[in-house]
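Written out below as structure tokens is the structure these notes cover.
When a ligand or atom number is given, it counts from 1 through the structure's own listing order. For reference, positions follow the sequence shown, starting with 1.
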Amino acid sequence: MDERELVIHLEDISFAHPGGPRVLDNVCLDLYRGDRIGLMGPNGSGKTTLFHVIMGLLKPTAGRMEIFRKPVREERDFVKVRGRIGLLFQDADDQLFSPTVLEDVVFGPLNLGKSREEARDIARRTLELLGLSSFEDRITHKLSGGEKRLVSLATVLAMEPEVLLLDEPTTGLDEPTREKLVEVLSRLDLSYILISHEFDFLARTTQSILAMEKGRILRDEEAKIHYHFHKHPLGTVPHEHD
Ligand SMILES: Nc1ncnc2c1ncn2[C@@H]1O[C@H](COP(=O)(O)OP(=O)(O)O)[C@@H](O)[C@H]1O
Ligand SMILES: [Mg+2]
């Protein structure tokens, strides 16, 4: 028995868009507090959908979910979940909507009921953590892709979540910024699931890596074959097989 707190528990979760094929097919997944799990899989395998189901943005067509040890089914259950789990969207433009960077980062804490001063303090601290202090007054929509990515992460972290769901956080990041992200993630005392196509980044930021294919999370023995197949073309740094 694992004595740590089971934070996210998915039991045979399936999902299909109306009239469409199954995008998630009997997915089972457990995230314990302190876990850092990587999730890899080809485009269209259902990774983003899985995150949206966990956040209650999409309703599963079958299966059971418990988050923070409580069953979650209805919108009001998910409202609580969204206060404690931070989702970094795959597309930064889904995350950022304020004119300036500081306003974007202040928005979350304000929305959680903090005073304007508190929210500004938290936002400034978070921007500093990510090396973005000089970005406060920048116009959000004029930032580069990589800069938007980091500011998006700041908006998520400013809400002081207990768990992060990171959907391809390295997209558009140059090498120094990627290093910064590895360092920030290792410093944070957070549980997370991280979607990435980059095996070497995942190897440095997670303890275990799950493979997803056609809406299913592969079992260990299937996944080994999968990694062997995909690892070398994806990696840029020499690495060993387990
Ligand atoms: N709004 C939608 N309506 C219908 N199909 C969708 C919609 N959004 C995503 N899909 C389909 O769901 C599948 C899984 O998508 P997604 O979860 O985004 O995959 P991944 O993140 O692994 O690349 C894909 O086949 C995609 O085309
Ligand atoms: Mg995706």
Can you establish whether the number of heavy atoms outside R187 located under 6.0 Å from its atom CZ is more than 12? yes

Residue pair T155 / D104, side-chain donor-acceptor N/O under 3.5 Å: no

Joint hydrophobic cluster, L87 plus F97, side-chain heavy atoms closer than 4.5 Å: no

Proximal atoms of ligand 1 relative to P42 (non-hydrogen, under 4.0 Å): 22 (O)

Top protein contact for atom 18 (O) of ligand 1, by heavy-atom distance: T48 CB, 3.6 Å

Does any N or O of ligand 1 fall below 3.5 Å from an N or O anywhere on K47, backbone included? yes

Establish whether atom 27 (O) of ligand 1 and some protein heavy atom are separated by less than 4.0 angstrom. no

Is there a donor-acceptor pair closer than 3.5 Å between any side-chain N or O of D77 and the backbone N or O of R73? yes

Can you tell me which residue and heavy atom of the protein come closest to atom 13 (C) of ligand 1, and the distance to 0.1 Å? V23 CG1, 3.5 Å

For S45, is the nearest heavy atom under 4.0 Å from an atom of ligand 1? yes

State the OG1-CE distance between T126 and M159, to the nearest 0.5 angstrom. 11.5 Å

Under a heavy-atom criterion of less than 4.0 Å, does G46 contact ligand 1? yes

Is the side chain of R178 donor-acceptor paired with the backbone N or O of L173 at a distance under 3.5 Å, no angle test? yes

I'd like to know whether F15 forms a ring-ring contact (aromatic ring centres under 6.0 Å, His included) with H17, so could you lay out the CA-CA distance, the side-chain angles of the two residues, the decisive distance to 0.1 Å, and finally the verdict. CA-CA 7 Å; F15 175 82; H17 290 281; 4.9 Å; yes

So, T206 side chain and A203 main chain: donor-acceptor pair closer than 3.5 Å or not? no

Could you check atom 25 (O) of ligand 1 against the protein and tell me its nearest heavy-atom contact, residue, atom and distance included? G44 O, 3.9 Å

Element-labelled atoms of ligand 1 that are located less than 4.0 Å from some non-hydrogen atom of T49: 14 (C), 15 (O), 16 (P), 17 (O)

Within 2.8 Å of the Mg ion (ligand 2), is there any N, O or S atom belonging to Q90? yes

Please state whether the separation between the Mg ion (ligand 2) and some N/O/S atom of T48 is under 2.8 Å? yes

Check for a donor-acceptor pair, side chain of E11 on one end and backbone N or O of G63 on the other, with a separation under 3.5 Å. no

Should one rank H17, R22, M212 by closest heavy-atom distance to atom 9 (C) of ligand 1, which comes out on top? H17

In ligand 1, which numbered atoms sit nearer than 4.0 Å to a non-hydrogen atom of N43? 23 (O)

